[in-house]
Amino acid sequence: MNLFQHFQAEVIRQIEAMAAEGALPGGLDTSRVGVEPPREASHGDVTTNAAMVLAKPAGMKPRDIAETLADRLLALDDVTAAEVAGPGFINLRLADGFWHARLMEILAAGRAYGDSDFGAGTGKVNVEYVSANPTGPLHVAHARGAVVGDVLARLLKKAGYDVTTEYYINDAGAQVEVLATSAYLRYCQALGEDIGEIPDGMYPGEYLIPVGKAIADADGDKWRHVDEDTWLPHFREFTVREMMAQVREDLAALGVEQDVFTSEKELVAAGAVDGVYKTLSERDLIYTGVLEPPKGKPPPDDWEPRPQALFRATQFGDDVDRPLKKSDGSWTYFANDIANHLDKYKRGFTQMIDIFGADHGGYVKRMKAAVTAVSEGKAELDIKLCQMVHLMKDGEPMRMSKRAGNFVTLRDLIDEVGKDVVRFLMLTRKSDSQMEFDLVKAVEQSRENPVFYVQYAHARCRSVLRSAAEEISGLDTSAEALAGADLSLLTDPAELDLIKVMAAWPRTVDQAAEAHEPHRIAFYLNDLVSGFHALWNKGNDDTGLRFLQADNADVTRARMAMVQATATVIASGLDVLGVVPVEELR
RNA sequence: GGCCCCGUAGCUCAGUUGGAUAGAGCACAGGAUUCCUAAUCCUGGGGUCGCAGGUUCAAAUCCUGCCGGGGUCACCA
């Protein structure tokens, strides 16, 4: 239960009742009435701005509305206080029993706690991420986008959205030709020829050596004595297939498995781009024009003003119209990507989310413009830009040179710190902020390391539950048994505070999903867990607060219910992050 | 030069889509362990929310203009 949503509905019901009694004008717009946690915990459990939002349209003073509304809210079940404060806030305090009921809810729901129907019925959502060139293994720069996309998708699913995850394979460009040629060199090498240095512009990576060898093993020297036109298609297809297999393997190692892989090449071959061109032309959204060279900076050496087919992106908010064809007559990447997004629209997706690297920032407006155009405004595209990740080692920046071939692959990173650490830490910043990723700090076991901090709390919960089962005979610590505990024994403010954080989980899920901000889950977990560690340590000063009370089975049972619930909510959050909660730390 | 992102405590960052007296961690100063893992916790100081206007009951948040950092700018993806 999203308790804030629950009380929002109550507040609106009371407003309508007031209108019916003539205490408020009828037909007021309640869409801006919000129910939120107060900024200050001392203000209560939930707060509403209703009186302030309604004051103007109702032609009344906020405090007058607030007084009446507060009286009505006080009469509700579970509300123990309703105070008017500040310019017209109404602060509610809720009964302990309400919080105990939330604990029951958690025990009953298990890790599904926080699942909601928030996004149900809003249409199909497509999340596209990674979408790297199949020209080599994924490297660290892809890690952030992969995690952000994957966790966003999991988050949206938890919030009830109908989600499909997708990888758009950029297998149609010139880079793929270069890749095939590079693989051909390795093929010659595998046949025993001396190929010398890999020429500039080719892919020098060693990962192509096994590809060349595989072809040599399979086909012998049959490609050695034919024209490039003959061998190129085979090498292109074979190598791309190999690279994609590796990409999928690397993603799987990160815990990422996408539902749909769309090939740019196949899209083009199927005539999808021609279709887009035709449709847009018919709607007069394409014309032949000449672009101006960029101002401020000297234009590229080979710049020449030439007429080309332009999409009227400016009609949809872009800064300039964008070219659809290259000088050799083939489609631009953009043209193909329009077809990609139209294809998604045709497959029924009205909400699309693309995860891009920050270097594609300049591409955002045109892609949004294109989606608006091809869907005639019926589909929405949100683009999340992931800023750069700077790899560090114990505080020192790690300089990576792609030319020297010593760039760090995604696989290297996973092997070094583990997939769960990569996944969690990538979400400890909002995606549009740059971040540092320190290989040493990532595996440190200290308060500074949020992954550890959260895992430690979960392990502590499990540890207490194990100890309780051992030390108190006859104590059943299964969730089912604990659901029968007398929770009214949980009365300490510190205990209730922890339960309140747990009860905020469903709202966190809804809000993070709506905002498309998966990092909020990591921050929530940090908050939750710090509440748990704090309560744990209160037992140092006050032994009466320890979870385990050897001489009081009833209290222990109630506290075990709380500990079990804590572990459950942590696990529920880690599930969204795709991180496995640990039973113990070693 | 255009566009996009960022600018919040000494440092690293949150800030619930416009709410009340702006919050954490690190660092600094002090304190807690006969105990379920002290791998943790508690207390304290520390701020012109880059600057200046504007919008309104209310702005770190929205608008405009500057300043600083990063990214990007036909035909690559």
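Atom set for the values below is all heavy atoms of this structure, side chains included, hydrogens, waters and symmetry mates excluded. Per chain, numbering begins at 1; letters A, B, ... match sequence-line order.
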Report summary line: Per the 3.5 Å Watson-Crick/G-U criterion and a run length of at least three, the stems involving RNA chain B are B:1-7 with B:67-73, B:10-13 with B:23-26, B:28-32 with B:40-44, B:50-54 with B:62-66
Query raised in the report: So does A:N537 reach the base of B:U40 with its side chain, donor to acceptor, closer than 3.5 Å?
Result: yes
Query raised in the report: Under the side-chain hydrogen bond (donor to acceptor under 3.5 Å, both in side chains) rule, what pairs show up with a residue in residues 501-510 of chain A, not counting sequence neighbours?
Result: A:N2-A:D510, A:S116-A:D510, A:W505-A:S572
Requested in this report: Can you tell me the distance, in whole Å, between the CD atom of A:Q511 and the P atom of B:G18?
Outcome: 12 Å
Query raised in the report: For A:H360, which contact category applies under a 4.0 Å heavy-atom criterion: base, sugar-phosphate, or nothing?
Result: base
Query raised in the report: Just by modelled atom types, is the A:V582 backbone N or O under 3.5 Å from a matching donor or acceptor in the A:Q455 side chain?
Result: yes
Report task. Name all residues meeting the side-chain contact (heavy atoms from CB on, under 4.5 Å) criterion together with A:A513; count only those two or more places apart in sequence or in a different chain, and write none if there are none. Result -> A:L155, A:L156, A:A159, A:Y161
Would you tabulate the pairs of protein nitrogen or oxygen atoms and nucleotide nitrogen or oxygen atoms of nucleotides 20-27 of chain B closer than 3.5 angstrom?
| from | atom 1 | to | atom 2 | distance (Å) |
| --- | --- | --- | --- | --- |
| B:A20 | OP2 | A:R39 | NE | 2.3 |
| B:A20 | N6 | A:T47 | OG1 | 2.8 |
| B:A20 | N6 | A:N91 | OD1 | 2.5 |
| B:A20 | N1 | A:N91 | OD1 | 3.3 |
| B:A20 | N1 | A:N91 | ND2 | 2.9 |

Query raised in the report: Ignoring hydrogens and geometry, is there a side-chain-to-backbone donor-acceptor pair from A:T332 to A:A335 under 3.5 Å?
Result: yes
Report summary line: With sugar-phosphate taken as primed atoms, P, OP1 and OP2 and all else as base, the protein-contact string of nucleotides 2-12 of chain B at under 4.0 Å (heavy atoms; B, S, -) is -SSSS-----S
Query raised in the report: salt bridge (Lys or Arg N to Asp or Glu O under 4.0 Å): which pairs involve residues 514-532 of chain A, sequence neighbours left out?
Result: A:E517-A:R520
Report task. Would you mind reading off the distance between A:D497 atom CG and B:C42 atom P, rounded to a whole angstrom? Result -> 12 Å
